[in-house]
Amino acid sequence: MNTALLEARCLVKRFGGVTAVSGATLAVGEGQILGLIGPNGSGKSTMVNLLTGETVPDEGEIVFAGEVVTRLPSYRRARLGMARSFQMLRLFGSLTVEDNLVLAGHIRMSAGVIGSALNSQSARSEEAAARTRARELLSWFELEEFASRSVTALSIGQQRMVEIARGLMSEPSMLVLDEPAAGLSPPNVDRLILLVRRLRDEFGISILLVEHVMRVVRELCDQVVVLDAGRKIAEGTPEQVVNDPLVIEAYIGSGWKRRAQA
């Protein structure tokens with residue numbers, strides 16, 4: 001395996017009397033696509049929130065890009081090179097497609113709030129560079145014709161692409177994709193698979209993919225980690241995981257296995 005870009009060591013997260021994540025460990029290598037799967041209520045969402053800084057673990061350690069980030073907020077992790085998409089779209093409906101991307105690019109700007117408010121030369125220069133970057137990404141995602149439209153005018157599939165493009169505005173070394181295939185039609189799922197593969201192959205981005213659609217997991221992931229009731233119950237290639245008895249039991253019966261292999 002390549003050098004680990006992200007390591008989560010023995011993470012524990014409790015909510016009252018419920019342990020949502022219990023001693024879970026995973027590592028995402030440089031240039032790797034790692035899948036994170038599990039049945040509903042398995043702790044996937046909590047695990048992702050711990051890794052990205054939305055939530056702080058009660059126990060354990062998270063290392064990203066060689067730094068301990070266990071208690072760093074999400075914006076600090078973003079500056080280190082971690083970006084994420086969300087299961088529920090979090091685009092700004094009042095903005096255009098291009099402006100959604102430009103706003104995300106502000107995390108890399110150095111002019112600051114005062115410089116932007118005063119419309120300083122450095123702020124104008126950074127704004128122009130952000131718009132150039134946004135247009136380049138929209139072109140890469142074949143969305144340039146929608147740049148000046150309200151993001152709410154786009155289909156769900158297109159909005160998902162906008163959200164992923166927005167994540168790339170910060171020039172991340174790792175992208176966390178939280179159920180990107182949710183709500184997509186089969187043709188858009190096919191397109192998503194191609195795009196995610198290109199993100200790794202052409203941009204060199206490591207990817208943590210949280211997904212229910214097993215076709216996406218099987219076609220994209222180098223390795224897969226499986227959670228159940230907050231614990232890691234399996235890890236291996238997609239084929240190994242699909243055939244693991246513990247995984248089949250967690251998903252309630254062999255019917256899931258047949259669907260996963262379809």
Side-chain angles (χ1 to χ4, degrees), residues 1-9 11 24-38 42-45 47-53 62-66 69 77-78 80-87 137 140-141 157 160-184 186 188-227 232-244 247 251 260-262:
M1 177 177 160
N2 295 337
T3 303
L5 179 62
L6 172 72
E7 288 186 86
R9 302 165 181 164
L11 296 186
T25 298
L26 62 75
V28 182
E30 293 181 357
Q32 182 185 42
I33 301 178
L34 179 74
L36 178 62
I37 69 171
S42 63
K44 299 188 303 299
S45 295
M47 187 70 171
V48 168
N49 286 337
L50 292 172
L51 296 175
T52 57
I62 302 168
V63 178
F64 177 66
V69 298
R77 299 185 201 198
L80 289 173
M82 184 187 299
R84 74 171 290 184
S85 70
F86 291 86
Q87 180 180 356
L137 286 172
W140 196 85
F141 280 87
R160 292 236 176 251
M161 296 302 106
V162 171
E163 187 167 55
I164 295 174
R166 186 176 66 174
L168 297 180
M169 282 294 294
S170 62
E171 301 180 7
S173 54
M174 193 182 85
L175 186 59
V176 179
L177 298 177
D178 191 356
E179 300 198 21
L184 298 188
N188 277 328
V189 170
D190 292 337
R191 184 162 179 258
L192 173 72
I193 290 170
L194 292 174
L195 283 169
V196 173
R197 189 178 291 126
R198 287 182 64 195
L199 288 177
R200 191 266 304 276
D201 295 345
E202 297 181 24
F203 286 85
I205 297 173
S206 302
I207 295 169
L208 176 62
L209 176 68
V210 185
E211 189 52 74
H212 273 302
V213 180
M214 283 304 299
R215 179 163 69 90
V216 176
V217 174
R218 289 174 60 231
E219 293 195 28
L220 283 175
C221 295
D222 304 304
Q223 291 281 303
V224 180
V225 168
V226 187
L227 294 183
K232 183 168 77 172
I233 62 169
E235 182 172 6
T237 66
E239 190 65 24
Q240 289 170 335
V241 162
V242 164
N243 289 284
D244 189 303
V247 176
Y251 276 93
Q261 293 177 327

*Could you list the residues that satisfy side chain to side chain contact (heavy atoms under 4.5 Å, CB included) with R9, not counting sequence neighbours?*
E7, E61, V63
*Please name the pair of heavy atoms, one in S173 and one in F64, separated by the smallest distance, quoted to 0.1 Å.*
OG-CZ, 3.6 Å
*Answer whether the closest heavy-atom distance between the side chains of H212 and K44 falls below 4.5 Å.*
yes
*Distance from L177 atom CG to S85 atom OG, nearest 0.5 Å?*
4.5 Å
*Could you tell me which non-hydrogen atom of L80 sits nearest to which non-hydrogen atom of A65, and how far apart they are?*
O-CB, 4.5 Å
*Flag the pair I164 / L192 as yes when at least one side-chain heavy-atom distance between them is below 4.5 Å, and no otherwise.*
yes
*Sequence-distant partners of A24, side chain to side chain contact (heavy atoms under 4.5 Å, CB included), two or more places apart*: V21, M47, L227
*When rounded to the nearest 0.5 angstrom, what distance separates CE in M174 from CG in L5?*
6.5 Å
*Would you please name every residue forming a salt bridge (Lys or Arg N to Asp or Glu O under 4.0 Å) with R77, sequence neighbours left out?*
none
*Do you know which two heavy atoms are closest between I37 and V217, and how far apart they sit?*
CG2-CG2, 3.9 Å
*In sequence, state the C-alpha distance, the side-chain angles, and the governing distance for N49 and R84, and then conclude on side-chain contact (heavy atoms from CB on, under 4.5 Å).*
CA-CA 10 Å; N49 286 337; R84 74 171 290 184; 3.0 Å; yes
*Stepwise side-chain contact (heavy atoms from CB on, under 4.5 Å) check, V242 with V224*: CA-CA 10 Å; V242 164; V224 180; over 6 Å; no
*Over all heavy atoms of both residues, which pair between V28 and I207 is shortest? Give the atoms and the distance, please.*
CG1-O, 4.1 Å
*Between CD of E202 and CZ of R197, what distance do you get to the nearest 0.5 Å?*
11.5 Å
*Answer yes or no: is there a side-chain heavy-atom contact under 4.5 Å between N188 and R160?*
no
*First locate atom CG of L199, then atom OG of S206, and finally report the distance between them rounded to the nearest 0.5 Å.*
11.5 Å
*List for me each residue that meets side chain to side chain contact (heavy atoms under 4.5 Å, CB included) alongside Q223, sequence neighbours excluded, and say none if there are none.*
Q32, L34, E235, T237
*Does V196 reach the side chain of L209, with side-chain heavy atoms less than 4.5 Å apart?*
no
*side chain to side chain contact (heavy atoms under 4.5 Å, CB included) partners for A234, two or more places apart*: V226, D244, V247
*Return yes if some donor-acceptor pair links the side-chain N/O of E211 with the main-chain N/O of A181 below 3.5 Å, else return no.*
yes
*Indicate the atoms forming the closest heavy-atom contact of L220 with I193, along with that distance.*
CD2-O, 3.4 Å
*asked:* Measuring from atom CZ of F141 to atom CZ of R166, what distance do you get when rounded to the nearest 0.5 angstrom?
replied: 12.5 Å
_Worked verdict on T25 versus V225 for side-chain contact (heavy atoms from CB on, under 4.5 Å)_ = CA-CA 9 Å; T25 298; V225 168; over 6 Å; no
_Contact summary for A4 and A27, nearest pair of heavy atoms_ = CB-CB, 4.3 Å
*asked:* Please enumerate all residues that pass side-chain hydrogen bond (donor to acceptor under 3.5 Å, both in side chains) together with R200, with sequence neighbours excluded.
replied: D222
*asked:* Nearest 0.5 Å, please: how far is CG in D190 from CZ in R215?
replied: 4.5 Å
